[in-house]
Amino acid sequence: MHDEFLCHVTAYGVCDGRRIGVPLGTYRAPTLALALWWLRDRASWIAERLDPQPDTPHLPRGALTPVADDAPDVPRVLRTWCADALQQELVADELAAGRLVRIATSDDTTEYELLAESVDALRMQRASPPLVVPVA
């Protein structure tokens with residue numbers, strides 16, 4: 001069982017023709033449960049900032065505008081992922097097995113990526129000798 005997890009949230013976009021990543025948060029979770037909680041919390045945080053409820057008091061009147069029905073709906077994807085117990089179980093199983101987990105969704109301008117990985121698995125990768133294949 002892996003006991004500690006490194007979690008990252010990043011937004012990627014294109015600037016001057018180059019793909020640029022903007023870190024939105026990092027968390028070193030001491031338990032699997034806290035890693036999952038943090039990923040859900042960050043996904044909800046992004047969703048709320050992209051698509052706040054229309055009656056939110058801090059928004060000025062007319063600040064929100066509807067988008068086309070066929071526009072990518074990042075907030076819906078993230079909220080659905082957060083509420084899906086089966087997806088949460090799958091992520092937990094992957095992390096517990098020491099595998100990297102990546103949840104990503106995008107709209108027309110930005111890709112949002114949530115990553116989590118076992119700190120123990122990272123340490124084991126660094127400690128193992130590199131695979132060297134002789135070339136004739």
Side-chain angles (χ1 to χ4, degrees):
M1 176 67 175
H2 297 270
D3 294 332
E4 198 174 12
F5 302 89
L6 194 54
C7 307
H8 306 278
V9 178
T10 308
Y12 294 96
V14 176
C15 181
D16 285 336
R18 294 185 354 222
R19 182 175 158 94
I20 303 294
V22 177
L24 300 178
T26 298
Y27 176 57
R28 191 170 181 142
T31 66
L32 178 58
L34 284 173
L36 293 169
W37 170 83
W38 190 83
L39 291 171
R40 284 191 307 271
D41 181 69
R42 294 293 86 197
S44 296
W45 180 83
I46 291 168
E48 184 58 29
R49 271 124 195 97
L50 293 175
D51 184 22
Q53 299 304 315
D55 57 353
T56 302
H58 67 275
L59 292 173
R61 187 181 181 109
L64 301 179
T65 57
V67 296
D69 289 339
D70 62 344
D73 192 348
V74 168
R76 181 186 51 76
V77 169
L78 292 173
R79 287 179 177 122
T80 300
W81 178 79
C82 287
D84 188 332
L86 179 59
Q87 285 295 316
Q88 301 302 311
E89 235 178 272
L90 291 172
V91 168
D93 290 346
E94 290 295 302
L95 287 173
R99 290 188 282 277
L100 172 74
V101 170
R102 178 179 185 261
I103 297 104
T105 184
S106 59
D107 57 24
D108 294 336
T109 62
T110 309
E111 178 184 37
Y112 300 90
E113 176 185 74
L114 295 95
L115 286 176
E117 56 193 327
S118 163
V119 172
D120 294 333
L122 287 170
R123 286 181 184 143
M124 287 186 280
Q125 288 171 4
R126 289 185 190 130
S128 63
L131 176 63
V132 179
V133 179
V135 178

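Quick note: numbers below take in every heavy atom, side chains included, and nothing from hydrogens, waters or symmetry partners.
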Heavy-atom nearest pair, Pro75 first then Leu50, reads CG-CB, 3.6 Å

Smallest heavy-atom separation, Leu95 atom then Ser118 atom, equals O-CB, 4.4 Å

Separation between CD1 of Ile20 and OG1 of Thr110, rounded to the nearest 0.5 Å: 12.5 Å

Taking everything shown except Arg18 itself, do over 12 heavy atoms lie less than 6.0 Å from its CZ? no

Does any non-hydrogen side-chain atom of Tyr112 lie less than 4.5 Å from one of Asp107? yes

Same cluster (ILVMFWY, side-chain, under 4.5 Å), Leu39 and Trp45: yes

Quick one: do Trp37 and Leu78 end up in the same hydrophobic cluster if we chain Ile, Leu, Val, Met, Phe, Trp and Tyr together by side-chain heavy atoms under 4.5 Å apart? yes

Salt-bridge test for Arg79 and Glu48: reply yes if a basic N is under 4.0 Å from a carboxylate O, no otherwise. yes

Validation: residues 8-17 side-chain donor-acceptor distances under 3.5 Å, sequence neighbours left out:
| from | atom 1 | to | atom 2 | distance (Å) |
| --- | --- | --- | --- | --- |
| His8 | ND1 | Thr26 | OG1 | 3.3 |
| Tyr12 | OH | Glu113 | OE1 | 3.2 |

Using side-chain heavy atoms (C-beta onward) and a distance below 4.5 Å, is Leu114 in contact with Cys7? no

By salt bridge (charged side-chain N to carboxylate O under 4.0 Å, His left out) - contacts of Glu94 (at least two apart): Arg99

Validation row: Arg42, Leu24 side chains within 4.5 angstrom (heavy atoms): no

On a heavy-atom basis, which atom in Arg40 and which in Cys82 lie closest, and how many Å separate them? O-SG, 3.4 Å

Do Leu115 and Ile46 sit in the same hydrophobic cluster, where Ile, Leu, Val, Met, Phe, Trp and Tyr count as joined when their side-chain heavy atoms come under 4.5 Å apart? no

Start with the C-alpha gap between Val101 and Phe5, add the side-chain angles, then the distance that decides, and say whether side chain to side chain contact (heavy atoms under 4.5 Å, CB included) holds. CA-CA 11 Å; Val101 170; Phe5 302 89; over 6 Å; no

